[in-house]
Amino acid sequence: MRKVIYAINITLDGCCDHTKMIADEELLEHYAQLLGEVDLLVYGRKTYQLMVPYWPDIAKSQSETRAENEFARIFDSKNKIVFSKSLSIVEDNSRIIRGEIKDEILKLKQEPGKSILAGGVDIPSQLIELGLVDEFRFVVQPIIAGEGRRLLEGKSLPEKLRLKLVESKILKSGCVALRYLKP
C-alpha cells in the first residue's frame, strides 16, 4: 500500500504561510530529493494554483538557479491530483477530483506506485483529521512570523496524534528538517 507523506515549511510559532519563509538553494535541494521519493502530488486548488504554472514554466525555460531549475524539472514530471469544486482546467499531467477526499485517497493508496505527497494546508489538514497521513516532513524555519495560517486551524482531531521522530537534519540557514512516522 502506498503511503501518504505530508510536507510543509512551518515557522517557530506555527505559521504555514509560504510568504513568511526562507527559500534558499539547500531547501530547494531538500524538497527536490523528497519529490524523488514520490510519484503523485496532491493539492487543493489554492496550492495547485500557487505551484502551477510557476514551476512548470521554470522547468521549460530553465531560467533560474541550478537548484530552482532542478526542483522545477522534477516537480513538472510528477502527476498531480487537485481536489477542487471550482477549478475547471489543469495542466497535462494533472487531474481534478471532485469526490470525497477520504474515499479518493483510500483508492489512491491502493494503486501501485511510489508514495503520495500532500502539500498545502487545507487538504492536508483534512487528511490528518481523517487519519490518512502516514509520514510527516516538517521544515521548521528559524522565524517567528507573528501571524498567518496555521496547520489544522479549525480542525478537531479525534485524539492526540503521537509521532515517532525518525530523522532530523539541520540546514545551513538554521532550518531544521524533521521526519516523523505514525507509530
Side-chain angles (χ1 to χ4, degrees), residues 1-10 16-21 23 25 27-139 148-149 151-155 177 179:
M1 180 184 284
R2 297 163 91 180
K3 65 182 174 181
V4 174
I5 300 171
Y6 174 49
I8 189 121
N9 292 306
I10 191 164
C16 299
D17 182 337
H18 75 280
T19 65
K20 313 279 189 213
M21 306 294 169
E25 299 279 308
L27 189 63
L28 284 165
E29 289 167 2
H30 169 79
Y31 280 113
Q33 182 179 354
L34 173 57
L35 285 177
E37 299 175 29
V38 305
D39 61 5
L40 180 63
L41 308 177
V42 173
Y43 298 122
R45 179 192 55 80
K46 291 177 196 169
T47 303
Y48 179 79
Q49 290 179 320
L50 179 72
M51 303 293 278
V52 176
Y54 182 80
W55 289 111
D57 286 351
I58 291 173
K60 288 176 187 75
S61 70
Q62 292 288 293
S63 59
E64 301 299 326
T65 67
R66 182 196 57 75
E68 287 170 304
N69 291 341
E70 181 64 6
F71 176 87
R73 184 189 65 72
I74 297 168
F75 175 85
D76 192 43
S77 73
K78 302 298 174 181
N79 290 323
K80 297 158 197 76
I81 298 277
V82 187
F83 283 94
S84 176
K85 292 181 179 13
S86 61
L87 199 60
S88 57
I89 299 172
V90 292
E91 298 272 321
D92 293 339
N93 60 351
S94 303
R95 67 184 170 106
I96 300 168
I97 294 183
R98 301 192 197 289
E100 288 300 314
I101 190 167
K102 182 178 182 179
D103 298 338
E104 296 294 343
I105 293 296
L106 287 171
K107 278 191 245 175
L108 291 169
K109 287 179 83 161
Q110 296 299 322
E111 292 178 2
K114 292 175 153 184
S115 294
I116 300 164
L117 180 63
V121 177
D122 289 338
I123 295 298
S125 290
Q126 291 176 55
L127 295 175
I128 294 167
E129 187 178 36
L130 293 166
L132 295 174
V133 176
D134 304 296
E135 184 173 322
F136 296 80
R137 306 273 186 109
F138 296 108
V139 174
R149 297 189 69 194
L151 183 60
L152 294 171
E153 207 164 48
K155 298 291 177 200
R179 180 176 168 226

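These figures come from a predicted structure and were not determined experimentally. Computed from heavy atoms alone, side chains included, the values below leave out hydrogens, waters and symmetry copies.
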For this session: Evaluate side-chain contact (heavy atoms from CB on, under 4.5 Å) for E29 paired with R66, printing each intermediate quantity in order.
Result: CA-CA 10 Å; E29 289 167 2; R66 182 196 57 75; 2.4 Å; yes
Seminar exercise, completed: Residues at least two apart in sequence or cross-chain that pass side-chain hydrogen bond (donor to acceptor under 3.5 Å, both in side chains) with T65, listed by chain then number, are E25, E68
For this session: Check whether any side-chain N or O of Y6 sits under 3.5 Å from a backbone N or O of F138 as a donor-acceptor pair, and report yes or no.
Result: no
Seminar exercise, completed: Given the options L40, V42, L41, V4, L117 meets side-chain contact (heavy atoms from CB on, under 4.5 Å) only with L41
For this session: Could you pull out all residues at least two apart from D134 that satisfy side-chain hydrogen bond (donor to acceptor under 3.5 Å, both in side chains)?
Result: K109
Exercise. Side-chain donor-acceptor pair under 3.5 Å between S94 and Y48, yes or no?
Worked result: yes
For this session: Please say whether more than 12 non-hydrogen atoms of neighbouring residues, nucleotides or ligands are located less than 6.0 Å from CD in Q33.
Result: no
For this session: Going by the salt bridge (Lys or Arg N to Asp or Glu O under 4.0 Å) test, name the single residue among K80, K78, R2 that passes it with D39.
Result: R2
Exercise. Atom CZ of R98 and atom CG of L87: how far apart are they, to the nearest 0.5 Å?
Worked result: 7.0 Å
For this session: With sequence neighbours left out, write down each residue that passes side-chain hydrogen bond (donor to acceptor under 3.5 Å, both in side chains) with D57, or none if nothing qualifies.
Result: none
Exercise. How about F71 and L27: do any of their side-chain heavy atoms sit closer than 4.5 Å?
Worked result: no
For this session: Answer yes or no: does atom NZ of K155 have more than 12 heavy-atom neighbours from other residues, nucleotides or ligands under 6.0 Å?
Result: yes
For this session: Check whether any side-chain N or O of S77 sits under 3.5 Å from a backbone N or O of I74 as a donor-acceptor pair, and report yes or no.
Result: yes
Exercise. Salt bridge check: are K107 and E100 linked by an N-O gap of less than 4.0 Å?
Worked result: no
Exercise. If you measure from the Lys or Arg side-chain nitrogens to the Asp or Glu carboxylate oxygens, is any gap between E37 and K114 under 4.0 Å?
Worked result: no
